[in-house]
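Here is how names work: the chains are called A, B, and so on, in the same order as the sequence lines, proteins then strands, and each is numbered from 1. None of the values given here were measured: they were computed from a predicted structure.
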Protein chains: 2
Amino acid sequence: MNIGEVAERSGIPPKTIRYYEDIGLVRPQRSGNGYRAFRETDLHKLAFLGRARALGFSIEDCRTLLGLYEDESRESAQVKDVAEEHLAAIDEKIAQLQSMRDTLSHLVRSCHGDQRPDCPILSDLAGEVAPEDVQPFGLDP
Amino acid sequence: MNIGEVAERSGIPPKTIRYYEDIGLVRPQRSGNGYRAFRETDLHKLAFLGRARALGFSIEDCRTLLGLYEDESRESAQVKDVAEEHLAAIDEKIAQLQSMRDTLSHLVRSCHGDQRPDCPILSDLAGEVAPEDVQPFGLDP
DNA sequence: ATAGGGCTTCCAGTTACTGGAAGCTCAAGA
DNA sequence: TCTTGAGCTTCCAGTAACTGGAAGCCCTAT
């Protein structure tokens with residue numbers, strides 16, 4: 001198989017496949033004309049990589065997972081460790097984004113979004129203490 | 001103010017402040033000895049940047065927001081547009097991570113994580129169709 | 001023979017910093 | 001006064017994971 005066909009069948013663009021070869025994730029053979037010659041096992045590996053990347057594993061994690069996959073004497077605990085660590089990282093990322101989202105959506109809601117220049121989003125970024133929603137009448141004595 | 005004090009007061013490391021100057025986000029003056037000489041307004045800008053970055057705005061968004069902040073004739077709608085677009089990007093990111101998280105946590109739960117080599121995580125990555133939870137007895141005739 | 005599409009390599013750019021090296025400046029202490 | 005150390009300067013390189021583009025070879029069809 002040439003790179004084009006492998007790209008199509010694995011869903012990974014040719015550029016990326018070449019990159020994966022560069023960093024040693026796949027080692028296709030070469031035909032006489034210098035073209036990469038992929039076997040089914042290469043295709044299989046690339047599909048594996050595609051799915052692992054789609055789950056957000058880093059390239060180094062992918063390298064580890066691929067190694068475990070090919071290691072008959074692996075222990076499933078090793079795989080689970082990698083996956084659990086990644087899961088924890090994802091959870092952290094989600095929490096971080098969620099917190100940004102909360103603040104930001106609050107700010108967006110509080111902004112008139114009209115032709116006037118005053119904007120609570122900018123005020124917040126500028127560190128002006130939020131005047132809450134200023135009461136028309138004071139509540140304090 | 002020298003860079004160290006500004007770093008401390010803004011919470012942005014010196015390296016990053018120099019970088020922000022490189023890309024034109026701040027333009028501190030210079031003292032006779034070649035040291036950067038920051039004024040209060042520079043500090044203010046850096047704090048603004050720090051907060052915007054903490055909300056996940058890209059550097060280019062920060063540049064835009066800073067421009068709007070300094071533009072007396074801005075319309076709050078412009079600010080709101082930037083913020084809403086960013087909010088949408090965050091939502092997309094969260095959805096993507098959440099979907100990864102769902103798949104991954106399912107896989108992790110289904111893996112024994114012991115000394116044996118068989119592992120549903122690897123099976124999934126390898127594209128083997130999940131044998132669901134294989135029934136001990138067939139249900140089909 | 002030539003046109004095109006596919007393949008090759010290599011270089012550069014992306015994002016937002018961060019680390020490190022070499023070297024200048026300044027304030028304090030022996 | 002000299003030295004020491006902290007703080008400042010610039011410049012270069014590296015990070016993650018690709019992606020775009022240029023220059024050029026290969027193969028097939030007309």
Polar atoms only, N or O, under 3.5 Å: list the protein pairs with nucleotides 24-28 of chain C and their distances.
from, atom 1, to, atom 2, distance (Å)
C:dC26, OP1, B:N33, ND2, 3.2

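- When the P atom of C:dT15 is taken as reference, atom CG of B:L25 falls 13 Å away, rounded to whole Å.
- Contacts classified as side chain to side chain donor-acceptor pair (under 3.5 Å) and involving residues 46-59 of chain A (residues at least two apart or in different chains) are not found.
- Every salt bridge (Lys or Arg N to Asp or Glu O under 4.0 Å) that A:D42 has, sequence neighbours left out, goes to A:R39.
- Of the possible polar contacts, one joining the B:S10 side chain to the B:I12 backbone as a donor-acceptor pair under 3.5 Å is found.
- Residues meeting the salt bridge (Lys or Arg N to Asp or Glu O under 4.0 Å) test with B:R74, sequence neighbours left out: none.
- In this structure, the ring pair (Phe, Tyr, Trp, His ring centres under 6.0 Å) partners of A:Y69, at least two apart in sequence or on a different chain, are A:F48.
- For the helix from C:dA1-D:dT30 to C:dA30-D:dT1, the axis fitted to the five pairs at one end and the axis fitted to the five pairs at the other end meet at an angle of 40° (nearest 10 degrees).
- Rounded to an integer number of Å, the gap from B:E21 CD to D:dC8 P is 14 Å.
- We find that CG of A:D22 is positioned 9 Å from P of C:dC10, with the value rounded to whole Å.
- For B:Y35, the ring pair (Phe, Tyr, Trp, His ring centres under 6.0 Å) test picks out no residue, with sequence neighbours left out.
- Salt-bridge check for A:R36 with A:E21: passed, with a basic side-chain N closer than 4.0 Å to an acidic carboxylate O.
- Of the residues in residues 84-92 of chain B, none has a non-hydrogen atom less than 4.0 angstrom from any atom of DNA chain C.
- No donor-acceptor pair closer than 3.5 Å links the side chain of A:R109 to the backbone N or O of A:L104.
- Using modelled atom types, one side-chain atom of B:S76 and one backbone atom of A:D114 make a donor-acceptor pair closer than 3.5 Å.
- Across all strands shown, A:I3 has heavy atoms under 4.0 Å from sugar-phosphate atoms exclusively, and none from any base.
- Annotation for B:R27: atom CZ does not count as buried by contact number, only 12 or fewer foreign heavy atoms lying within 6.0 Å.
- Of all the heavy atoms in B:P14 and B:I3, the pair that sits closest is O-CD1, 3.6 Å.
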Applying side-chain contact (heavy atoms from CB on, under 4.5 Å), run through B:R9 and B:M1 and close with a yes or a no.
CA-CA 10 Å; B:R9 289 176 57 186; B:M1 271 178 286; 3.4 Å; yes
Only distances under 3.5 Å count here; give the side-chain donor-acceptor pairs of residues 81-91 of chain B to other protein atoms, sequence neighbours excluded, each with its distance to 0.1 Å.
from, atom 1, to, atom 2, distance (Å)
B:H86, NE2, B:L55, O, 2.8
B:H86, NE2, B:G56, O, 3.3
B:H86, NE2, B:F57, N, 3.4
B:D91, OD1, A:R101, NH1, 2.7
B:D91, OD2, A:R101, NH1, 2.8

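- Not counting sequence neighbours, the partners of B:E70 by the side chain to side chain contact (heavy atoms under 4.5 Å, CB included) test are B:K45.
- At a non-hydrogen distance threshold of 4.0 Å, nothing from residues 96-105 of chain A comes into contact with DNA chain C.
- For B:R36 and D:dT9, the shortest distance from a side-chain N or O to OP1 or OP2 is below 4.0 Å.
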Sugar-phosphate atoms are those with a prime plus P, OP1 and OP2; base atoms are the rest. Using that split, label each nucleotide of nucleotides 15-20 of chain D B, S or - for protein heavy atoms under 4.0 Å, 5' to 3'.
--BBSB
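- Distances shown here put every side-chain N or O of B:R18 at or beyond 4.0 Å from the OP1 or OP2 atom of D:dG7.
- The backbone N or O of A:A95 sits nowhere less than 3.5 Å from a side-chain atom of A:S99 that would complete a donor-acceptor pair.
- Per the geometry, CD belonging to B:E5 stands 16 Å off C1' belonging to D:dA6, to the nearest Å.
- Taking atom CZ of A:R30 as the reference point, atom C1' of D:dC26 lies 14 Å away to the nearest angstrom.
- Around the CD atom of B:Q98, the shell of radius 6.0 Å holds more than 12 heavy atoms that belong to other residues, nucleotides or ligands.
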